[in-house]
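Down below is the structure, laid out as structure tokens.
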Amino acid sequence: MITLNDNVNILPGVGPKRLDALHEIGIFTIEDLINYFPFRYEDLGERLPSETMDGEKATFKGIVSTPAVVTRFGKRSQTRFGLMIEHENVRVSFFNQPWIAQNVEVGQEVAVYGTYDAAKASLTGMKVISKVSNELDPIYPSSKQISAKTIRHLIEIAWADVRGTVGSLVPEKIRQKYRLLDRNTQIEDMHFPADMEHAKLARRSIAFEEFFIFQMRLQLLKLADKNFSGEGINYDSKALNKFEAGLPFTLTEAQQKVVSEILQDQKRPVHMNRLLQGDVGSGKTVVAAIALYAAVTAGMQAALMAPTEILAQQHAINLASMFEKAGVDIRIELLTSGMKTAARRQLLEDLADGTIDILIGTHALLQPDVMFHHLGLAVIDEQHRFGVNQRAKLRENGVNPDILAMTATPIPRTLSITAYGEMDVSIIDQLPNGRKQIQTRKISHNQIDSAINFLKQQLSEGAQAYVVTPLIEESEALDAQNAQAMYEALQLELPNDTIGLLHGRLSNDEKKALMADFKRNKIQVLVATTVIEVGVDVPNASIMLIMDADRFGLAQLHQLRGRVGRGTRQSYTILVADPKTDYGRARLDAMVETTDGFILAQKDLELRGSGDILGTKQSGVPEFAVGDPIKDLKMMEVAQQEAISLVSTDGWDKSSENQVLVDYLSRTMAHYRHLD
């Protein structure tokens, strides 16, 4: 007798080639196989044409009324015959299945499954069915290497052996509370449903189980992080108050609230793992500065990691300036890949002996030779996932700092409880005082002259501008304005202004030099690809002109808009596009209607789904086989609350009713350690 943990190669007919094909689609064990569910069903139950809607798939059973005729055109063919169903004659067509003609003859009773065209009283056949039943035919995701039919056959063999032996993962109390099926029944009814109602109930139960198991893993990760020997940061409150008083601005209520949350976490002798969300321009950097300084006043070191060297350099300059203006004397250093060997060696020595207070850099800070004297806090800027694996790297280096991750990508509720479910979340939902709302408008390409005239007028008043294009060079595949062509055109249009060209193919030194010139107003207009999307801070830049704006995602457009509106000038974003799809138009309309990043993020989620919401492929949103975290958000929230409630119960993992769940989590948690 086979068991759930057995390798799938125990089944008859699974040789090396088929085993590889099963591995390709994520099936390794018998348990993987029986949890490989159909994505839809074909209703093979017999129907009459009068009961069938136009375009609906159905099975018609009748008598062949005309001989089958095969018409060939090139390599393609069409097979046609008449089918008399009671008193109705339906024309049946099969494409590229000429052998059908050999298998049907006048007077024979046959059943054909296909798509019905009511206007033409015709059926485009998909298959001839030898035996008609009222069953639903499950359709499985398949690949070139293995067919849906083979997958179904293997599931039938496996399920015949393990049926009735599968323990339920969701505790009985929770199943009763939400009227969920036990695991045996839900698997049976997903693969072999008696009718569509049984299939729907099974799908509902399995979706909840998926969400519940996922949330249990996140809660256990969170628990493990909290229990991992953190140490309290006994910061100097007076020094922090003095630093805050020396700032040239007053913190907003939202900033004060998140500072309080972070400092409370830092003081506690448990490990902090907190996500700081703040819309573009909301003032996350000063919050990070206070957290960093808190560690320094406690005699510890702090680190800030940025995704690029440009941003790391910018953070180093901004933080040094902020502390200097507030009269705070601390040592801040920047570690980059381009440092000379001697300078790097000296910096690492100073870091190891504790004379450097704050170290700033990219993920190069995680390299084994970077040894801190006593690292108390690591701040990670714009890293969508700073996961368990990267924290493990820091621990391997002998440190276990508190973690503060920051993102300017607003995260709607769906994502915050999936991608960031194991982190505590703080939100800055208020812009700094004196910031003006950015005015956004959309225009078509044939209105570009008016945009250029507006640009000229603003430049003449001392403003600076970004002009963003989606491509560096011309592409035959995409009819998009490219950076090089735009740069050349603007040189002709704006002879009195200096134009710069910034794109991803420039070296780091070239990028730094360009950005420095733009910041010092030596360059008035910066033509760029999306390399300026995150973190670039030029307060005098007040115009963002985005060419072919419909080619960007909403998250990208919002990030780009956030590059302006950072000073006292009224700022503008102009979206130039001729969108050809409803989706493209909806994105631009949303940008014009609101500057609220959280509203836009929710809209983006609705428009695009969870897969690519953060503008990159690193959204961290897990893929579920059955559940949809967008459509089933309420179910996900319920599953989260039940998981939190369960792990908060003393001795939950010792209770006999939870042993199947505990065993399953113990077996599978290893796959989920590295959530980054």
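In this chain, numbering begins with 1 at the start of the sequence shown.
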| said: For Glu24, is the CD atom crowded, meaning more than 12 foreign heavy atoms sit under 6.0 Å from it? | reply: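 No, CD of Glu24 has 12 or fewer neighbouring heavy atoms, counting only those of other groups under 6.0 Å.
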| Neighbour count >12 (heavy atoms, 6.0 Å) for atom CG, Asp54 |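 Yes, enclosed.
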Short side-chain to backbone donor-acceptor contact, [X] and [Y], under 3.5 Å:
| X | Y | result |
| --- | --- | --- |
| Asp182 | Thr185 | yes |
| Asp548 | Arg551 | no |
| Asp424 | Arg274 | no |
| Tyr36 | Pro141 | yes |
| Asn184 | Val166 | yes |
| Ser168 | Val170 | no |
| Thr649 | Ser645 | yes |
| Ser77 | Phe73 | no |

To check you understand the geometry: which heavy-atom pair defines the closest contact between [X] and [Y], and what is its length?
| X | Y | result |
| --- | --- | --- |
| Val104 | Ala68 | CG2-CB, 3.8 Å |
| Leu661 | Leu646 | CD2-CD2, 3.7 Å |
| Ala21 | Ile146 | CB-CB, 3.9 Å |
| Val70 | Ala101 | CG2-CB, 3.7 Å |
| Asp189 | Ala202 | CB-CB, 3.7 Å |
| Leu600 | Ala590 | CD2-O, 3.5 Å |

| task | Report the C-alpha distance between Glu209 and Arg204 in whole Å, list the side-chain angles of each, state the deciding distance to 0.1 Å, and finish with yes or no for salt bridge (charged side-chain N to carboxylate O under 4.0 Å, His left out). | result | CA-CA 9 Å; Glu209 179 189 279; Arg204 175 179 177 269; over 6 Å; no
| Basic-acidic side-chain contact under 4.0 Å: Glu197, Arg203 |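 Answer for the salt bridge query: no.
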| field | salt_bridge(Asp20, Lys17) N-O dist < 4.0 Å | value |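 Salt bridge flag = no for Lys17 with Asp20.
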| salt bridge (Lys or Arg N to Asp or Glu O under 4.0 Å) against Glu105, all qualifying residues, sequence neighbours excluded |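 Result, salt bridge (Lys or Arg N to Asp or Glu O under 4.0 Å) vs Glu105: none returned.
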Can you tell me how far the [atom1] atom of [X] sits from the [atom2] atom of [Y], to the nearest 0.5 Å?
| X | Y | atom1 | atom2 | value |
| --- | --- | --- | --- | --- |
| Asn7 | Ile2 | CG | CD1 | 11.0 Å |
| Ile27 | Asn35 | CD1 | CG | 10.0 Å |
| Arg47 | Lys57 | CZ | NZ | 11.5 Å |
| Leu33 | Ile10 | CG | CD1 | 12.5 Å |
| Gln559 | Leu554 | CD | CG | 12.0 Å |
| Ile187 | Leu181 | CD1 | CG | 11.0 Å |

My understanding is that only residues two or more places apart in sequence, or in another chain, count here; which of them pass side-chain contact (heavy atoms from CB on, under 4.5 Å) with [X]?
| X | result |
| --- | --- |
| Thr66 | Phe81 |
| Tyr41 | Pro38, Leu136, Pro138, Met190, Pro193, Met196, Ala199 |
| Val647 | Met216, Gln219, Leu220, Trp652 |
| Asp653 | Val662 |

Output a table of donor-acceptor pairs, distance under 3.5 Å, between side-chain atoms of residues 113-127 and any protein atom two or more places apart or on a different chain; print 'none' if there are none.
unit_1 : atom_1 : unit_2 : atom_2 : d
Asp117 : OD1    : Ala119 : N      : 3.2
Asp117 : OD1    : Lys120 : N      : 3.2
Lys127 : NZ     : Asp137 : OD2    : 3.0

So, using ring pair (Phe, Tyr, Trp, His ring centres under 6.0 Å) as the criterion, who are the partners of [X] when residues are at least two apart?
| X | value |
| --- | --- |
| His191 | Phe37, Tyr140 |
| Phe208 | Tyr178 |
| Phe212 | none |
| Phe28 | His23 |

Heavy atoms, side chains only, cut-off 4.5 Å: are [X] and [Y] in contact?
| X | Y | answer |
| --- | --- | --- |
| Glu156 | Arg152 | yes |
| Arg667 | Glu31 | yes |
| Thr529 | Pro470 | no |
| Phe39 | Val626 | no |
| Arg587 | Tyr583 | yes |
| Leu83 | Ile63 | no |

| request: Please step through side-chain contact (heavy atoms from CB on, under 4.5 Å) for the pair Thr3 and Ile30, ending with a clear verdict. | output: CA-CA 7 Å; Thr3 69; Ile30 298 297; over 6 Å; no
| field | Evaluation steps, side-chain contact (heavy atoms from CB on, under 4.5 Å), between Val8 and Leu19 | value | CA-CA 8 Å; Val8 77; Leu19 188 65; 3.4 Å; yes
| task | Determine, stepwise, if the pair Thr150 / Arg18 fulfils side-chain contact (heavy atoms from CB on, under 4.5 Å). | result | CA-CA 10 Å; Thr150 301; Arg18 189 162 283 174; 3.6 Å; yes
| message | Show every side-chain hydrogen bond (donor to acceptor under 3.5 Å, both in side chains) that has at least one partner inside residues 78-103, sequence neighbours left out. | response |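 For residues 78-103: Ser65-Asn89, Thr71-Arg80, Gln78-Ser93.
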| Of Val110, Leu48, Val112, Thr52, which is the lone residue that meets side chain to side chain contact (heavy atoms under 4.5 Å, CB included) with Phe60? |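 One option only clears the test, and that one is Thr52.
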| task | Only one of Thr29, Leu4, Leu154 passes side chain to side chain contact (heavy atoms under 4.5 Å, CB included) with Ile34; say which it is. | result |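 Filter result, single survivor: Leu4.
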| query | Within 45° of the six-membered ring axis of Tyr664 and under 6.0 Å from that ring's centre, is NZ or CZ of Arg183 located there? | reply |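 Output yes; distance and angle both within limits.
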| query | Should Gln277 and Leu275 be marked as a side-chain contact (heavy atoms from CB on, under 4.5 Å) after you check the CA-CA gap, both sets of side-chain angles, and the distance that decides it? | reply | CA-CA 6 Å; Gln277 285 188 63; Leu275 174 70; 4.0 Å; yes
| For residues 163-172, which residue pairs qualify under salt bridge (Lys or Arg N to Asp or Glu O under 4.0 Å), counting only residues two or more places apart or in two chains? |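 For residues 163-172, and leaving out neighbouring residues, the salt bridge (Lys or Arg N to Asp or Glu O under 4.0 Å) pairs sorted by first residue read Arg163-Glu188.
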